[in-house]
Chemist: 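Here you go, one structure.
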Protein chains: 2
Amino acid sequence: MGLAKTEMFTDDQNEIALFAKAFGHPARVAILQHLFKINSCVCGDLVNEIGLAQPTISQHLKELKNLGLIKGDVEGTSVCYCIDNESWSKMKKVMSAFLDQDLTKTGDCC
Amino acid sequence: MGLAKTEMFTDDQNEIALFAKAFGHPARVAILQHLFKINSCVCGDLVNEIGLAQPTISQHLKELKNLGLIKGDVEGTSVCYCIDNESWSKMKKVMSAFLDQDLTKTGDCC
DNA sequence: ACTATTCATCGTAATATTGCAATGAAACAA
DNA sequence: TTGTTTCATTGCAATATTACGATGAATAGT
């Protein structure tokens, strides 16, 4: 069906899945890494940096923006994208809590 | 197309995307949380715990197993699934390095 | 006004994912 | 052996994702 039954899971579980889904494509990982690396906004440099077509990059940027992880400022004909540090921190807290579940447990069973 | 062009990205980027994709569905998040919580489990318990049909749970477990994050031991008619702590640690290193990119940077630009 | 540049959106094709009923395979009990 | 339990696999339908050409909207330069 391709339809995730979100209503049967907790808000926490759905939030983790949403963030993870954003990182679930190498193009979006590459975009975020590049935005961090140059530490100042880029626009369509991403199209050159990554090998995908402009509409494709634009689509990935839109998804990241909808999640709030990045923001974009219009500057003349170009758009300046950069990481939203506050949102990134919040996301990191949620994901870290999930990844660090193993710290409290003791040993394997199998 | 629905086809990620993995060849145009680094191994690092593809690995992050693969792990993230595993967490990109609330059912798999719920499965992992439950496995951590009770520190061992069988498929049938998960079917009751989570509200999905048995074949669906089995499919999600298979994906997590293929990634190496969990392992399953056959015990009579049932199968005991649990977290693979070593793999989980390795995954955590990769994901943490990605999430912690912001630590080195200074300020926003937008 | 005209043109070029930059990015967003639309439309569409190809592929992937999700979910489950039906069925199969293996272990166990009687 | 027969039936039961437990999980895996198959097959299929519904939906989601990815990618890009074509096109639109806005700005800037001439």
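Chain letters run A, B, ... following the sequence lines, proteins first, then strands; residues in each count from 1.
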Chemist: Hey, which of these two, A:Met8 or A:Ser58, hits DNA chain C nearer its 5' end, going by closest nucleotide?
Modeler: A:Ser58

Chemist: With no hydrogens and no angle check, is any side-chain donor or acceptor of B:Trp88 less than 3.5 Å from a backbone partner on A:Leu99?
Modeler: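 Such a contact is found between B:Trp88 side chain and A:Leu99 backbone.
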
Chemist: Mind checking what makes side chain to side chain donor-acceptor pair (under 3.5 Å) contact with A:Thr6, not counting sequence neighbours?
Modeler: none

Chemist: Suppose we screen for salt bridge (charged side-chain N to carboxylate O under 4.0 Å, His left out). Which residues come up paired with A:Asp100, at least two apart in sequence or across chains?
Modeler: B:Lys92

Chemist: Indicate, with a heavy-atom threshold strictly under 4.0 Å, whether B:Ser78 touches base, sugar-phosphate, or nothing.
Modeler: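 The residue B:Ser78 makes sugar-phosphate contact but no base contact.
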
Chemist: For A:Ile50 and D:dC20, give me the distance from atom CD1 to atom C1', rounded to whole Å.
Modeler: 16 Å

Chemist: If you apply the rule side chain to side chain contact (heavy atoms under 4.5 Å, CB included), what do you find for B:Leu32 with B:Leu64, and how did you get there?
Modeler: CA-CA 9 Å; B:Leu32 291 166; B:Leu64 293 172; 4.1 Å; yes

Chemist: Is the distance from OP1 or OP2 of D:dT6 to the nearest side-chain N or O of B:Tyr81 less than 4.0 Å?
Modeler: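 The answer is no; no side-chain N or O of B:Tyr81 sits under 4.0 Å from OP1 or OP2.
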
Chemist: Would you please name every residue forming a salt bridge (charged side-chain N to carboxylate O under 4.0 Å, His left out) with B:Asp45, sequence neighbours left out?
Modeler: none

Chemist: Checking B:Gln33 now: which residues fulfil side-chain contact (heavy atoms from CB on, under 4.5 Å) with it, not counting sequence neighbours?
Modeler: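 With sequence neighbours excluded, B:Gln33 shows a side-chain contact (heavy atoms from CB on, under 4.5 Å) to A:Asp12, A:Gln13, A:Ile16, A:Phe98, A:Gln101, B:Val29, given in chain and number order.
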
Chemist: Provide, to the nearest angstrom, the distance between the NZ atom belonging to A:Lys65 and the P atom belonging to C:dA8.
Modeler: 7 Å

Chemist: Tell me which pairs pass side chain to side chain donor-acceptor pair (under 3.5 Å) where either residue lies in residues 50-61 of chain A, with sequence neighbours left out.
Modeler: A:Arg28-A:His60

Chemist: Please identify each residue that fulfils side-chain contact (heavy atoms from CB on, under 4.5 Å) with B:Lys65, with sequence neighbours left out.
Modeler: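 Counting only residues at least two positions away or on another chain, B:Lys65 forms a side-chain contact (heavy atoms from CB on, under 4.5 Å) with B:Ile70, B:Tyr81.
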
Chemist: Mind checking what makes salt bridge (charged side-chain N to carboxylate O under 4.0 Å, His left out) contact with A:Lys21, not counting sequence neighbours?
Modeler: none

Chemist: CG of A:Asn66 versus P of C:dA8: gap in Å, rounded?
Modeler: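 Taking atom P of C:dA8 as the reference, CG of A:Asn66 is at 12 Å.
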
Chemist: Round to a whole Å and report the spacing from CG of B:Leu46 to P of D:dA8.
Modeler: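 The answer, rounded to whole Å, is 10 Å.
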
Chemist: So if I define the base as every atom that isn't primed, P, OP1 or OP2, how would nucleotides 20-30 of chain C read as a B/S/- string at a heavy-atom cutoff under 4.0 Å?
Modeler: BBB----BS--

Chemist: Write down the distance between CD1 (A:Ile57) and P (C:dC7), rounded to a whole number of angstrom.
Modeler: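 Value for this atom pair: 11 Å.
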
Chemist: May I ask you to list the residues of residues 18-25 of chain A, by number, that have any heavy atom positioned under 4.0 Å from an atom of DNA chain D?
Modeler: A:Lys21, A:His25

Chemist: B:Leu61 has an atom CG; how far is it from atom P of D:dT9, in whole Å?
Modeler: 11 Å

Chemist: In whole angstroms, how far is the C1' atom of D:dT9 from the CD atom of B:Glu63?
Modeler: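 Between C1' of D:dT9 and CD of B:Glu63: 14 Å.
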
Chemist: Please give, in whole Å, the distance from D:dT10 C1' to B:Lys62 NZ?
Modeler: 10 Å

